[in-house]
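Heads up: the structure comes next, in structure tokens.
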Protein chains: 2
Amino acid sequence: MNKLELLRTFVRVSELSSFTLAGESLGLPRSTVSEQVRALERLLGTRLFNRTTRRVQTTQDGALLYERSKDLLSGMDEIESLFSADDADLAGRLRIDLPTMMARRLIVPALPGFLERFPRLEVELSCTDRQVDLLREGFDCVMRIGALSDLDVVARPVGRLSMRNCASPAYLERHGVPRNLQDLAGHRLVHYVRNLGARSAGFEYEQEGELRFQAMAGVVTVNNAEAYSAACLAGLGLIQVPAVGVDEHLRNGELVSLLEPWQARAMPVSLLYARQRHVPRRVQAFMNWLAALLASQVDPVAAPSG
Amino acid sequence: MNKLELLRTFVRVSELSSFTLAGESLGLPRSTVSEQVRALERLLGTRLFNRTTRRVQTTQDGALLYERSKDLLSGMDEIESLFSADDADLAGRLRIDLPTMMARRLIVPALPGFLERFPRLEVELSCTDRQVDLLREGFDCVMRIGALSDLDVVARPVGRLSMRNCASPAYLERHGVPRNLQDLAGHRLVHYVRNLGARSAGFEYEQEGELRFQAMAGVVTVNNAEAYSAACLAGLGLIQVPAVGVDEHLRNGELVSLLEPWQARAMPVSLLYARQRHVPRRVQAFMNWLAALLASQVDPVAAPSG
DNA sequence: AATACTGTTCGTATTGAATGGACAATGGGA
DNA sequence: TCCCATTGTCCATTCAATACGAACAGTATT
């Protein structure tokens with residue numbers, strides 16, 4: 001009895017909710033699928049599907065087994081490709097978490113290329129902006145922008161995001177266009193803080209390699225990247241954001257770049273992963289791809305500031 | 001081709017360093033073992049053992065595969081016993097880390113009982129006293145005594161260890177026996193600190209439910225539980241330790257308990273485990289057993305101080 | 001140099017699983 | 001309400017993979 005095959009067909013049946021379709025997709029007759037499921041149920045001593053001839057749905061036990069099986073089969077795939085020279089045959093499931101903005105602007109658009117290169121990989125993508133997040137509730141890899149907290153994980157720096165100072169045309173029409181730091185006195189900054197209740201340090205810029213801040217008034221404080229750019233678009237003040245998050249708005253003319261000699265320091269981007277016994281090769285492959293992708297996208301302007 | 005069987009025999013061969021013994025222990029003829037290893041090597045495209053007819057030793061690849069295989073087979077065992085009502089058939093490998101003293105005095109002596117109840121479990125026991133340890137370099141469960149750092153793990157409190165104030169007879173003969181807090185002025189304390197360089201707060205005791213400290217002189221500072229009691233045995237001063245660590249010395253008369261109305265606050269004991277997608281049932285079983293063991297061992301004196 | 005033991009090879013036999021057709025049950029449509 | 005298409009189940013047959021054991025070859029010890 002090949003337990004792994006049993007699990008494979010079980011997983012397929014779970015995903016397709018049909019013995020017939022599962023059989024077709026695996027190149028097996030219905031009868032075999034049926035027998036394998038029956039064998040697995042007998043082995044585990046539980047009913048895995050509630051099935052009539054018309055509907056197949058996993059029981060609670062089945063749902064639990066599905067999750068575990070996915071992991072186990074991933075592990076088996078990992079083992080099988082452990083020593084293969086090219087990693088085109090890496091297989092399994094990747095669970096990653098990205099900042100919303102990065103996912104939408106950069107990674108998701110490029111993801112088809114990744115999946116083409118690794119046709120046997122599956123990606124489960126979660127998006128979060130909370131910083132001190134549940135990192136590693138089973139995630140293989142988490143991307144974080146900015147300073148890192150003291151965490152029991154390995155952080156791999158993969159690049160820096162160059163920053164832009166932006167404002168909406170409507171805002172600039174009303175308050176004028178600032179040309180230097182002194183002009184900021186008459187302007188407003190949308191304050192971004194990681195945790196509400198914290199205080200924003202003001203307008204950030206670099207001078208002689210040193211980080212400096214210019215206190216600025218503001219009427220809105222947000223703790224969310226989406227809300228941050230939305231506030232700027234709404235004319236609530238200046239923002240300082242990674243270029244990648246606003247390049248489209250800048251091209252559209254919905255936002256305007258300004259005070260270009262006084263950019264905030266480029267933001268470090270890191271990939272965090274669990275400090276485990278071993279890092280699966282598929283995770284390494286993904287991180288390498290992500291690092292390359294970022295390297296190609298990060299503005300060269302950012303380099304000297306790092 | 002049953003890949004799991006292949007891995008099982010591979011693991012057995014690795015552990016026994018012999019095809020023949022592996023075959024015997026698995027109830028298979030040598031030839032089958034040989035063929036299965038060959039099949040696995042062909043599947044993975046690597047040589048797993050350097051073998052002459054006299055010696056079998058794993059290659060580097062073999063060693064790598066061994067670790068992964070153990071995990072995978074553990075996972076399979078876990079799946080197989082997922083839905084069994086009694087957990088006597090739990091199987092797999094447990095990797096745990098305990099404070100040295102607890103391991104030696106409490107857990108290891110009771111471990112045979114645990115392994116008898118779960119005959120298919122294997123335990124890999126690591127002992128450490130460094131507090132902010134690499135918790136979860138693949139550990140299923142880590143026990144910590146005392147305050148917990150801010151960690152990305154789940155902490156399950158399992159009891160409290162009542163404390164004792166101790167000194168050696170030789171020391172007491174020379175410095176006299178302290179009867180109250182005022183007497184401490186003429187005594188020495190062996191200072192225990194978590195990290196060398198830190199300062200000890202002195203003699204700790206509870207009064208009216210509040211934690212208090214009495215500064216005391218000392219000539220030795222240690223950061224290790226073993227060294228701590230050794231220092232006391234050597235007559236270097238008083239110590240305040242969990243009773244479980246010194247009960248034998250107290251019975252022997254090698255140490256003497258004193259200042260019994262002024263005990264340090266009972267130390268909380270916690271089990272830490274990774275906040276993962278799922279906690280394997282074997283880990284739950286182990287933690288339950290450990291919690292029960294501690295509950296039975298913790299001195300009732302400890303209760304009111306918690 | 002001989003021997004005892006080890007891993008390997010190979011032809012054979014048997015176990016065990018895949019197959020596909022017949023059957024039964026379900027649920028939608030007429 | 002009845003019918004039928006479709007789905008999961010069952011079973012006897014077929015097929016193939018694999019376990020087996022004996023013969024072989026190398027090694028290390030005595």
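As the structure is a computational prediction, the values presented were derived from the model and not from experiment. Order of the sequence lines sets the chain letters (A, B, ...), proteins ahead of strands, with each chain counted from 1.
Taking for each of B/Arg30 and A/Asn2 the nucleotide of DNA chain C with the nearest heavy atom, the 5'-most of the two is the partner of B/Arg30. Mapping A/Arg55 and B/Gly27 onto DNA chain D via the closest heavy atom, the residue that lands nearer the 5' end is A/Arg55. Nucleotides of DNA chain C nearest to A/Glu35 and A/Arg54 differ in position, and the one nearer the 5' end is that of A/Glu35.
Contact check, B/Gln36 against D/dT18: no side-chain N or O comes under 4.0 Å of OP1 or OP2. In terms of phosphate contacts, A/Thr20 brings no side-chain nitrogen or oxygen within less than 4.0 Å of OP1 or OP2 of D/dT6. Between A/Arg51 and C/dA25 there is no side-chain N or O to OP1 or OP2 distance below 4.0 Å. OP1 or OP2 of C/dT8 lies within a sub-4.0 Å distance of a side-chain N or O belonging to B/Ser34. In this structure, A/Thr53 does not reach the D/dT6 phosphate: none of its side-chain N or O atoms is under 4.0 Å from OP1 or OP2.
For the pair B/Met1 CE and C/dA17 P, the computed distance is 15 Å after rounding to whole Å. With rounding to whole Å, B/Arg38 atom CZ is found 15 Å from D/dA19 atom C1'. Taking atom CG of residue A/Leu40 and atom C1' of nucleotide C/dA17, one finds them 16 Å apart after rounding to whole Å. Rounded to whole Å, atom P of C/dT8 lies 13 Å from atom CZ of B/Arg42. Per the geometry, CG belonging to A/Leu28 stands 15 Å off C1' belonging to D/dC15, to the nearest Å. B/Asn50 places its CG atom 16 Å from the C1' atom of C/dT6, with the value rounded to the nearest Å. Note: CD (A/Glu24) to P (D/dG8) measures 10 Å, nearest angstrom. Summarising the geometry, the separation between CD on B/Glu41 and C1' on C/dG7 is reported as 12 Å, rounded to the nearest angstrom.
Of the candidate nucleotides C/dA18, C/dT8, D/dC20, C/dA18 has the atom lying nearest to any side-chain atom of A/Thr32. Of the listed nucleotides (D/dT18, D/dG8, D/dC10), D/dC10 has the atom at the smallest distance from the side chain of A/Ser31.
Within the nucleic acid shown, A/Val56 comes within 4.0 Å of sugar-phosphate atoms alone, with no base atom in reach, counting heavy atoms only.
With a 6.0 Å radius and a threshold of 12 heavy atoms from other residues, nucleotides or ligands, A/Gln284 has its CD atom above the threshold.
Judged by atom type and distance alone, B/Thr52 does not reach the base of D/dG26 through any side-chain donor-acceptor pair under 3.5 Å.
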Criterion side-chain contact (heavy atoms from CB on, under 4.5 Å) on B/Thr32 and B/Glu35, from CA distance to verdict: CA-CA 5 Å; B/Thr32 302; B/Glu35 274 192 58; 5.7 Å; no
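Looking only at atom types and distance, the side chain of A/Ser126 has no donor-acceptor partner in the side chain of A/Arg95 under 3.5 Å away.
Annotation: A/Phe10 is in aromatic contact with A/Phe49 [ring centroid separation under 6.0 Å].
Closest of all the heavy-atom pairs between B/Met1 and A/Asn2 is O-ND2, 3.1 Å.
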